[in-house]
Amino acid sequence: MIVKGLIDPGKHFISGNFACAEAALIAGCRFYAGYPITPSSEILERLSSRLPMVGGHFVEMEDEIGSMAAILGAANAGLKSMTATSGPGFSLMQENIGLGMITETPCVVVNEMRSGPSTGIPTRVGQGDIMQAHWGTHGDVESISYCPNSVQEMFDLTITAFNSAEKYRQPVIMLPDQVIGHMSEKIVVKQPWEYEIVPRLTISSRKADDKLVDFSTDFSPMFLAGTGIRGNFESLTHDEMGYPSNSSAVEAKMMNHLLGKIRDHRDSIVEFEKYETDDAETLLVAYGVTSRVMERVVREGRNKGLKIGLFRPITIWPFPDREIRKLSKRVQRIIVTEINYGQYSHSVRENSDAPVEEMHFPPGAVPDPDTVLKSISKPAKQEKHRREKGK
Amino acid sequence: MPLSIPKEEFMEPGHTACHGCGATLSMRYVLKGMGPNTVVSVPAACWAVIPGAIPNRTLDVPMVYTPFAATGAAITGLREAFNILGKEDYNVVGFAGDGGTADIGLQSLSGAMERGHNVFYIMYDNEAYMNTGVQRSGSTPYGAETTTTPVGKDRNFKRQRKKVVADLMMAQGVPYVATATIAYPEDLIRKITNAKNVKGPKFIQILSPCPVGWYYPSEKSVEISRLAVQSGVFPLFECIHGQLKVTRQSKPIRLSEYLSAQGRFSHMEEEDVRNVQEYIDERMNFLLELEQKSGK
């Protein structure tokens, strides 16, 4: 279907935030609710004028709790919806993200990472929300989180995020950092029909004894509010009929479904990129803007004869565990480089056979490749045993 | 008439606000009225960054930051702790913008006011989210252009009326409610002094023009503030224990004088101006009626 008002196919020179907004429209987003926060505000501003042009609706909400709740509401009524925020706002959204998980409501949340905790440096880069994107809400969830490292990828992954949200029926997180959101780069937009757009599977009618959600299948069609079908979007632990329950057996069945639909399809969700890893002795792990710095480190290191390579997770979650495990068997050490004080390194260490070192960069600036290369060129240190007991 | 503005300064040079910022004058006058024994609590707002970059610190009183949504709660904690520590004479002041008051902070504000703590809540109202780049807030007036109500071809300006938090506070029965603005500093400081004599929660809404977001030359902030009052857009009043007094305008001006001085209203057509006038008249009648009733 051709939709009027979408961004023209061809080459564009635009910012990551604008690219994200335009991609959302291509993906079918027709409802945006948000609240201003640096560095994501340009997504909000762009969509305030762009959504009406494609027959969508834009609302500026009273806070981030409202923003997240509103996009769940719109999704439960049948629209593809999105919000964008940054650290403090993402914290406020967490309860509603958990609600979206248990009601299996598809939507996209863009969390543009800045320095933290609290207000931090709002206008500068950070990568401190890696763990929050998975473990921010209470209870157990399997997160799908995409981390782009270019404006083109911000564009493409936004469409992927909408598709994953529809397919797996849950809130999907976009985790760009501030640099990716604010920088402008060339992007290539394909013809609309060249993009795969996943439509929403919905229930058209329901008899009294029909299941509301089928826990035996991972892709159950969604019941929508306002279609004449009786049912609940239940935030309590519920069974397949949508009725609340206190039973731990029902809880187990429901959670098995919620977690299983991601775990079973982990291979089709996980995306990553390897660079010069075939004969690498030192493996760098980096994502977002850091991965672009590390690419240069690898290139220059190789010129100096260092055997280094780079592994870049594109899906921060689900964690590319098997890929890391496989690489870790043939490298001598892994160095996790991130603009925080050690987050992703926890998961890498958990899944690595090689010793894992951490290289932290203080939020507020993009790391300098020369400094990184200098410190990598030194002989590998023995990893400290981290769980020493003592008094 | 001798100058009634205290000479003492609690705000020193070195702030990082834009030229002609109305919010800096608001803070300066409020602190002059409060005196040295004051603690200010500020959420995410322009004022979260105005106090200065290294090595400057413009405020002579301590400032306690709080999340965007929590000014009312933060001053609750400060107040009750001060009482227990024997510092009942300290003024606890929440100083939040219109977004932090009318939108995200409303629940926290309403809670603090209802519980009746002996606190001041100052809303410096620049009628949009100025710190993040002029997005509309609940307190943005009808007709204004902002970055999320872009006018463009569809004339997509803000269609909703301003949510006046001071009116909400009166409805909630807050013991001291007032409006003030930087063009009338003596009135502003007098209101702070009056508020100090009232026990319980105090709420003052201060119109603080913003040259960046309202699109006018930065030297005109005080002038615009005065026009807002004279045109009836922002009526000044004081309501102590339900007794409302509305300040009458000796020199009223035409609404268009106020609107045409600012770029954010430059797209307005006659019908839009009529809508604004209608609202102004409605609200003034409401206030006068309330004043009459409260006098009985």
Side-chain angles (χ1 to χ4, degrees), chain A residues 5 17-18 21 32-70 83-95 112 114 116-124 178 182 364, chain B residues 16 42-49 51 53-54 63-71 74 96-110 128-140 144-160 163 165 213:
Chain A
N17 281 342
F18 282 6
Y32 181 97
Y35 191 69
I37 186 166
T38 308
S40 76
S41 298
E42 292 83 7
I43 299 177
L44 170 98
E45 291 170 5
R46 177 89 166 191
L47 287 173
S48 74
S49 61
R50 292 287 286 119
L51 263 171
M53 295 182 194
V54 298
H57 194 66
F58 164 88
V59 194
E60 188 184 320
M61 297 297 294
E62 73 279 9
D63 60 19
E64 285 91 350
I65 299 174
S67 306
M68 188 63 212
T83 188
T85 188
S86 186
F90 196 47
S91 296
L92 286 179
M93 288 179 181
Q94 291 302 335
E95 187 188 5
E112 217 154 299
R114 66 191 212 187
S118 189
T119 318
I121 313 176
T123 52
R124 296 282 170 84
Q178 172 269 337
H182 276 174
Chain B
T16 51
V42 173
C46 284
W47 252 105
V49 287
I54 300 168
M63 178 179 254
V64 181
Y65 286 93
T66 166
F68 214 168
T71 313
D98 51 299
T101 304
D103 296 343
I104 189 168
L106 190 61
Q107 174 174 327
S108 187
L109 163 66
S110 182
Y129 290 87
M130 299 312 183
N131 194 32
T132 47
V134 201
Q135 292 88 6
R136 63 100 79 183
S137 79
S139 194
T140 304
E145 171 168 21
T146 68
T147 51
T148 50
T149 54
V151 173
K153 266 188 293 181
D154 302 331
R155 299 185 32 77
N156 188 18
F157 57 83
K158 189 181 171 190
R159 301 275 176 178
Q160 298 82 9
K163 180 202 282 185
V165 183

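Labels below follow one simple rule: chain letters A, B, ... track the order of the sequence lines, proteins then strands, and each chain is numbered from 1. All heavy atoms count here, side chains included; hydrogens, waters and symmetry mates do not. This structure is a prediction, so every number in the text was calculated from the model and none was measured.
With a 6.0 Å radius and a threshold of 12 heavy atoms from other residues, nucleotides or ligands, A:Gln94 has its CD atom above the threshold. When the shell of 6.0 Å around CZ of A:Arg50 is examined, it contains more than 12 heavy atoms from other residues, nucleotides or ligands.
Heavy-atom distances place no part of A:Ser118 under 4.5 Å from chain B, backbone and side chain included. Looking at B:Tyr65, there are no atoms closer than 4.5 Å to chain A (heavy atoms on both sides), in backbone or side chain. The contact between A:Leu92 and chain B is made entirely by side chain atoms (from C-beta outward), counting heavy-atom distances below 4.5 Å.
Taking the side chain as every heavy atom from C-beta outward, B:Ile104 and A:Glu62 never approach each other to under 4.5 Å. Residues A:Pro88 and B:Pro67 form no side-chain contact, since every pair of their non-hydrogen atoms from C-beta on lies 4.5 Å or further apart. The closest side-chain heavy-atom distance from B:Tyr129 to A:Glu60 is below 4.5 Å.
Across all their heavy atoms, B:Thr132 and A:Pro36 have their closest contact at OG1-CB, 3.5 Å.
Once rounded to the nearest 0.5 Å, the distance linking OG1 of B:Thr149 with CZ of A:Phe58 reads 9.0 Å.
Interface summary for chain B: among A:Arg46, A:Glu45, A:Glu64, A:Met61, the most heavy-atom pairs under 4.5 angstrom belong to A:Glu45.
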